[in-house]
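In what follows, residues are counted from 1 in the order of the sequence shown.
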Amino acid sequence: MSRFAAAAFAAIMMAGAAQAADLSPIDIVTRHNAAVAKSDVDAMMADYADGAIVLEAGKTIQGKPAIRALFAGMFPKPAPGAAPTGAAAMTVTRKWAEGNVGFYTWEMGAVHGTDEFVVRNGKIEVQSVFIGGGPAK
């Protein structure tokens, strides 16, 4: 690779990173929620830092490979030509941010929840998921 090509590639990569860092926590939450609604695991994963942590259902899931496996299990790839099976039934009821933490509350039938996202440098570092409601056991 020529010096010019290497320099151009580096400039493009730095510009992309700077642009991501310019996104607010609410921007990241909005983009992430759109990816969830489409069951787009690749787009969801693009929002996470490499060492990100997801706290969900009493478990700690750490690192992008483990987080990807969590989401891949939630949103299996549809058969060719089939519609996505993701969170289409999930209704976001509110989105907001406090400092570097973005939030959204949601409902899915009788189940409701709140997701909290600690965002630094345009990436999710920590996500906490709180779920309540649902049918009585």
Side-chain angles (χ1 to χ4, degrees):
M1 182 182 292
S2 72
R3 284 187 191 178
F4 176 76
F9 178 75
I12 290 168
M13 295 306 291
M14 289 187 332
Q19 184 179 21
D22 290 342
L23 296 176
S24 71
I26 199 73
D27 294 333
I28 298 294
V29 165
T30 299
R31 183 174 67 193
H32 186 75
N33 182 252
V36 169
K38 295 177 191 170
S39 304
D40 188 341
V41 174
D42 290 334
M44 292 165 65
M45 293 312 303
D47 288 330
Y48 287 93
D50 289 338
I53 297 171
V54 174
L55 307 168
E56 186 260 340
K59 296 181 283 186
T60 301
I61 299 97
Q62 185 165 9
K64 286 178 94 169
I67 296 168
R68 176 178 289 281
L70 171 72
F71 289 131
M74 287 179 173
F75 309 117
K77 287 199 176 251
T85 59
M90 184 173 82
T91 301
V92 174
T93 55
R94 183 173 176 221
K95 287 186 236 178
W96 74 100
E98 299 287 336
N100 69 331
V101 182
F103 303 84
Y104 66 76
T105 56
W106 52 269
E107 296 175 351
M108 191 179 307
V111 178
H112 55 273
T114 300
D115 286 32
E116 300 177 359
F117 303 85
V118 176
V119 177
R120 289 194 184 92
N121 299 317
K123 296 289 185 180
I124 299 167
E125 290 190 355
V126 179
Q127 177 183 0
S128 300
V129 181
F130 303 93
I131 299 173
K137 293 184 179 184

Go through the steps for Asp27 and Ser24 under the test side-chain hydrogen bond (donor to acceptor under 3.5 Å, both in side chains), then give the verdict. CA-CA 5 Å; Asp27 294 333; Ser24 71; 3.2 Å; yes

Give the intermediate values and the outcome of side-chain contact (heavy atoms from CB on, under 4.5 Å) for residues Asp42 and Arg68. CA-CA 8 Å; Asp42 290 334; Arg68 176 178 289 281; 2.9 Å; yes

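Applying the salt bridge (charged side-chain N to carboxylate O under 4.0 Å, His left out) test to Glu125 and every residue at least two apart in sequence or in another chain returns Arg120. Residues that satisfy the side chain to side chain donor-acceptor pair (under 3.5 Å) test with Ser128, not counting sequence neighbours, are absent from this structure. With sequence neighbours left out, Asp115 forms a salt bridge (charged side-chain N to carboxylate O under 4.0 Å, His left out) with no residue at all.
From Met74, atom CE reaches atom OG of Ser39 across 11.0 Å, with rounding to the nearest 0.5 Å. The line from CG of Leu55 to CD of Gln62 is 9.5 Å long, rounded to the nearest 0.5 Å. Ile26 CD1 to Arg31 CZ: the interatomic distance, rounded to the nearest 0.5 Å, is 13.0 Å. Rounding to the nearest 0.5 Å places CD of Glu116 at 10.5 Å from CD of Glu98.
The heavy-atom pair separating Pro25 from Gly102 by the smallest distance is CB-N, 3.8 Å. When every heavy atom of Val29 is checked against every heavy atom of Phe117, the shortest pair comes out as CG2-CD1, 3.5 Å. Closest non-hydrogen pair, Ala52 versus Ile67, comes out as O-CD1, 3.6 Å. The minimum heavy-atom distance linking Val36 with Tyr104 is given by the pair CG2-OH, 4.4 Å. The heavy-atom pair separating Glu56 from Leu70 by the smallest distance is OE1-CD1, 4.1 Å.
The cluster map of Ile, Leu, Val, Met, Phe, Trp and Tyr, joined by side-chain heavy atoms under 4.5 Å apart, puts Met45 and Leu23 in the same cluster. Criterion: ILVMFWY side-chain heavy atoms under 4.5 Å apart, direct or through other members. Under it, Val119 and Phe130 are not part of a common hydrophobic cluster. Each of Met90 and Phe103 belongs to its own hydrophobic cluster when Ile, Leu, Val, Met, Phe, Trp and Tyr are linked at side-chain heavy-atom distances under 4.5 angstrom. Val129 is connected to Ile28 through a chain of hydrophobic side-chain contacts under 4.5 Å among Ile, Leu, Val, Met, Phe, Trp and Tyr, so both are in one cluster. Put simply, Val111 and Val92 are part of the same group of oily side chains (I, L, V, M, F, W, Y) that touch within less than 4.5 Å, one to the next.
For Lys123 (side chain) and Ala46 (main-chain N/O), a donor-acceptor pair under 3.5 Å exists by modelled atom type.
Under the 4.5 Å side-chain criterion, counting only non-hydrogen atoms from C-beta, Ile131 is in contact with Trp106.
Classification of the Tyr48-Phe71 ring pair by plane angle, with boundaries at 30° and 60°, yields tilted.
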